[in-house]
Amino acid sequence: MRSWLFVPADRPSMIAKARRAGADAVIIDLEDSVAPEAKPVARDACRAALDMERDGVQLWVRINALASGLAEADIAAVMAGRPDGLVLPKALGGACVQQLATLTDAVGAACPPVLAIATETASALFGLGSYGGLGNTLAGLAWGAEDLSADLGSATSRDGDGRLTGPYALARNLMLAGAVAAGVQPVDTVWTDIRDLAGLEAECLAAQRDGFTGKMAIHPAQVPVINRCFTPSAEDIAMARRIVDAFRNAPGSGVVALDGRMVDVPHLKRSERILARAAAFGAG
């Protein structure tokens, strides 16, 4: 999925608007965007939203962190609504995903796919290699800077030019490697300036270049930009088809010549991924 749009669970009107934004997944948030005293009302509103007709929109739920003492109540409230997935904040490693699956089992529900936000504390950075072997339970890893900034005591996560500073570039890159090593989707963090769509586009393109395949959003206006940037372009699709065809016409070859340059198996694998994503999103 390309776009993951957060919306506060205690704002039904915003949930309705988010469902019409064109996001691949709407994340109904029970965590950071909901005040502590509003959590019970938010759970009821989340369940009501899950009970509505989906109209092809995937509805995921971000529960509160496992260590918060609130996750069990979140799960008990929402699992009967059959969310398409769960978002796990402040994950420390693969064991947290397994713990979440145990909690859903306790309420008689199979655990849906999980997107783990995997860099929100300093200790979480040391668990990014532990997400393998979770099968279909883990759908992806995402990273976040704001909670990590608070944990590290940083003044900011970006420099004066908007570039990530050292600790946050490290967290981003380690999470990308951890997701790929686990065989799950790597999802880029939110762009917090909702007025700066040009900045969002630049960050999306940089993330797509590096290997991310989707990005989280905090405003409906961000969704079209994210979808466009993470959908393979017509040029990329055409070249991918040519590379796949070149190998198909040279069975058994590990390298082929195309447009005067040598193309090898890593290029073939990348091309196959591009075509698979294009087919998933109806591109090309």
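Position 1 is the first residue of the sequence, and the numbers go up from there. As the structure is a computational prediction, the values presented were derived from the model and not from experiment.
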Report yes or no: does [X] contribute a side-chain atom to a donor-acceptor pair with the main-chain N or O of [Y] at less than 3.5 Å?
{"X": "S154", "Y": "A150", "value": "no"}
{"X": "D151", "Y": "E120", "value": "no"}
{"X": "Y131", "Y": "G93", "value": "yes"}
{"X": "T121", "Y": "A124", "value": "yes"}
{"X": "N173", "Y": "A169", "value": "yes"}
{"X": "S271", "Y": "H267", "value": "yes"}
{"X": "E201", "Y": "C229", "value": "no"}
{"X": "R82", "Y": "V78", "value": "no"}
{"X": "R43", "Y": "A38", "value": "no"}
{"X": "W191", "Y": "D196", "value": "yes"}

If we count only N and O atoms by modelled type, under 3.5 Å, do the side chains of [X] and [Y] hold a donor and an acceptor together?
{"X": "T165", "Y": "D159", "result": "no"}
{"X": "D24", "Y": "W4", "result": "no"}
{"X": "N64", "Y": "K39", "result": "yes"}
{"X": "Y168", "Y": "T189", "result": "no"}

Before you tell me yes or no, could you show the steps for E203 and R158 under salt bridge (charged side-chain N to carboxylate O under 4.0 Å, His left out), namely the whole-Å CA-CA distance, both residues' side-chain angles and the distance that decides it to 0.1 Å? CA-CA 13 Å; E203 184 157 278; R158 295 179 184 268; 2.8 Å; yes
Within the 4.5 Å heavy-atom criterion, are [X] and [Y] side-chain neighbours or not?
{"X": "L268", "Y": "V256", "answer": "no"}
{"X": "S3", "Y": "K215", "answer": "no"}
{"X": "L88", "Y": "C96", "answer": "yes"}
{"X": "R2", "Y": "T231", "answer": "yes"}
{"X": "I194", "Y": "Q222", "answer": "yes"}
{"X": "P83", "Y": "L59", "answer": "no"}
{"X": "L152", "Y": "P167", "answer": "yes"}
{"X": "R172", "Y": "D210", "answer": "yes"}

Please evaluate residues L141 and V184 with respect to the criterion side-chain contact (heavy atoms from CB on, under 4.5 Å), reporting the C-alpha separation (whole Å), side-chain torsions for both, the decisive distance (0.1 Å), and the verdict. CA-CA 7 Å; L141 295 182; V184 299; 4.2 Å; yes
Linking I/L/V/M/F/W/Y whenever their side-chain heavy atoms sit closer than 4.5 Å, directly or via other members, would [X] and [Y] fall into one cluster?
{"X": "V34", "Y": "I28", "answer": "no"}
{"X": "V255", "Y": "I243", "answer": "no"}
{"X": "L50", "Y": "L103", "answer": "yes"}
{"X": "V107", "Y": "I63", "answer": "yes"}
{"X": "W60", "Y": "I75", "answer": "no"}

Decide side-chain contact (heavy atoms from CB on, under 4.5 Å) for Q208 and T213; before the verdict, give the C-alpha distance in whole Å, the side-chain angles of both, and the deciding distance to 0.1 Å. CA-CA 6 Å; Q208 190 272 341; T213 56; over 6 Å; no
Checking L197 against L200 for the side-chain contact (heavy atoms from CB on, under 4.5 Å) test, could you report, in this order, the C-alpha distance in whole Å, the side-chain angles of both residues, the deciding distance, and whether it holds? CA-CA 5 Å; L197 296 183; L200 170 65; 4.1 Å; yes
What's the spacing between [X] [atom1] and [Y] [atom2] if we round to 0.5 Å?
{"X": "R241", "Y": "D236", "atom1": "CZ", "atom2": "CG", "answer": "12.0 Å"}
{"X": "I274", "Y": "K269", "atom1": "CD1", "atom2": "NZ", "answer": "14.5 Å"}
{"X": "E272", "Y": "F247", "atom1": "CD", "atom2": "CZ", "answer": "9.0 Å"}
{"X": "L115", "Y": "L138", "atom1": "CG", "atom2": "CG", "answer": "8.0 Å"}
{"X": "C111", "Y": "D105", "atom1": "SG", "atom2": "CG", "answer": "7.5 Å"}
{"X": "C46", "Y": "D44", "atom1": "SG", "atom2": "CG", "answer": "9.5 Å"}

Which heavy atom of [X] sits nearest a heavy atom of [Y], and at what distance?
{"X": "M175", "Y": "W143", "answer": "SD-N, 3.3 Å"}
{"X": "A42", "Y": "A9", "answer": "O-CB, 3.7 Å"}
{"X": "R277", "Y": "P232", "answer": "CB-CG, 4.0 Å"}
{"X": "T119", "Y": "L148", "answer": "O-CB, 3.3 Å"}
{"X": "A71", "Y": "A65", "answer": "CB-O, 3.8 Å"}
{"X": "A21", "Y": "L5", "answer": "CB-CD2, 3.8 Å"}

Is the number of heavy atoms from other residues, nucleotides or ligands under 6.0 Å of R54 CZ greater than 12? yes
Would you mind checking if [Y] and [X] are paired as a salt bridge, meaning a charged N to carboxylate O distance below 4.0 Å?
{"X": "R261", "Y": "D259", "answer": "no"}
{"X": "D74", "Y": "R62", "answer": "no"}
{"X": "D245", "Y": "R248", "answer": "yes"}

Is there a side-chain contact (heavy atoms from CB on, under 4.5 Å) between F230 and F212 once you walk through the steps? CA-CA 9 Å; F230 286 98; F212 287 89; 4.3 Å; yes
